[in-house]
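Have a look at the structure below, then the notes.
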Amino acid sequence: MLFAGPAVAGGAPAGLLDKTVTMSWSTSGTGKRADGTSVSFSNVNTRIVYISSAGRPFLRAEVRGGRATREGELAPGEGGGSRSVSFQGDKLIGTEAFASGARRYIASFDSSFAGCSLSVIDAKEGSAQIRRRGPDGAMYEITSVSTGSPTCSIQTGNIFAH
């Protein structure tokens with residue numbers, strides 16, 4: 001498993017029950033390997049959340065960079081808290097803690113829950129650098145990062161059942 005944290009429902013809106021939300025964005029920047037070698041990166045991140053008819057979110061995550069891909073899944077209540085999905089009003093909030101730093105993604109839904117928009121923020125604490133695993137599983141210290149091309153879509157039903 002890639003993620004070791006819970007996917008917790010925080011009051012899923014009725015308009016999202018039995019729906020799948022697919023979010024995608026790119027990250028690019030520079031970093032250093034453990035041996036100090038400088039690298040540049042460009043990754044595509046995908047998060048798919050199925051909200052059951054009981055309001056429970058199930059998360060599938062993938063990050064692709066070059067030829068490497070890491071992916072994992074979380075059911076509600078799994079793991080220890082470094083990853084989570086919750087709801088605040090008409091927003092789905094995803095949080096991912098890295099070895100150092102974190103990411104937050106927010107999907108905002110229209111009034112009919114037929115469409116959504118996405119924002120993504122990677123952040124560090126104070127002057128500490130972001131440290132996280134790349135698609136190849138190696139740990140990197142990120143010296144600069146930007147996110148782009150956020151997309152969000154909704155479909156009825158459980159995409160994981162197909």
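The analysis underlying the following values was restricted to heavy atoms, covering all of them including side chains, and did not include hydrogens, waters or symmetry mates. For reference, positions follow the sequence shown, starting with 1.
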Identify whether [X] and [Y] are in the same connected component of the hydrophobic contact network (ILVMFWY, side-chain heavy atoms under 4.5 Å).
X      : Y      : answer
Phe87  : Leu118 : yes
Val44  : Ile48  : no
Ile154 : Leu59  : yes
Val63  : Val145 : no

Working to the nearest 0.5 Å, report the span between [atom1] of [X] and [atom2] of [Y].
X      : Y      : atom1 : atom2 : result
Ile130 : Thr143 : CD1   : OG1   : 10.0 Å
Thr69  : Asn43  : OG1   : CG    : 9.5 Å
Phe58  : Thr20  : CZ    : OG1   : 11.0 Å
Leu17  : Thr156 : CG    : OG1   : 11.5 Å
Trp25  : Thr46  : CH2   : OG1   : 8.0 Å
Thr147 : Ile121 : OG1   : CD1   : 8.0 Å

Can you name the nearest heavy-atom pair linking Ala12 to Gly55, along with the distance? CB-O, 3.8 Å
Those residues that, when tested against Phe98, pass ring-ring contact (aromatic ring centres under 6.0 Å, His included) (two or more places apart): none
ring-ring contact (aromatic ring centres under 6.0 Å, His included) involving Tyr140 - partner list, sequence neighbours excluded: none
According to side-chain hydrogen bond (donor to acceptor under 3.5 Å, both in side chains), does anything in residues 108-118 pair up with another residue at least two apart or in another chain? List the pairs. Asp110-Ser112
Below 4.5 Å, heavy atoms only, C-beta onward: do Val120 and Met23 meet side chain to side chain? no
So do the side chains of Phe109 and Pro13 get within less than 4.5 Å of each other, counting heavy atoms only? no
Would you check if the side chain of [X] reaches a backbone N or O of [Y] as a donor-acceptor pair within less than 3.5 Å?
X      : Y      : value
Arg70  : Gly134 : yes
Ser144 : Gly29  : no
Ser100 : Gln129 : yes
Ser24  : Thr151 : no

Disulfide (SG to SG under 2.5 Å): pairs with one or both residues in residues 116-147, sequence neighbours excluded: Cys116-Cys152
Disulfide (SG to SG under 2.5 Å) pairs, two or more places apart, involving residues 20-66: none
Walk me through it: do Glu62 and Arg60 pass the test salt bridge (Lys or Arg N to Asp or Glu O under 4.0 Å)? CA-CA 7 Å; Glu62 178 184 278; Arg60 178 179 292 162; over 6 Å; no
Members sharing Met139's hydrophobic cluster, built from side-chain contacts under 4.5 Å between Ile, Leu, Val, Met, Phe, Trp and Tyr, are none
Sort and list the pairs that fulfil ring-ring contact (aromatic ring centres under 6.0 Å, His included) and have at least one residue in residues 29-53, not counting sequence neighbours. none
Pairing residues for Thr37 by the side-chain hydrogen bond (donor to acceptor under 3.5 Å, both in side chains) criterion, not counting sequence neighbours: Asp35
Contacts of type side-chain hydrogen bond (donor to acceptor under 3.5 Å, both in side chains), residue Asn45, not counting sequence neighbours: Thr27
Applying side chain to side chain contact (heavy atoms under 4.5 Å, CB included), name anything that partners Ile93, two or more places apart in sequence or on another chain. Ser86, Gln88, Lys91, Thr95, Arg104, Ile106
I need the full list of salt bridge (Lys or Arg N to Asp or Glu O under 4.0 Å) pairs touching residues 115-142, with sequence neighbours left out, sorted by first then second residue. Arg103-Asp122, Asp122-Arg132
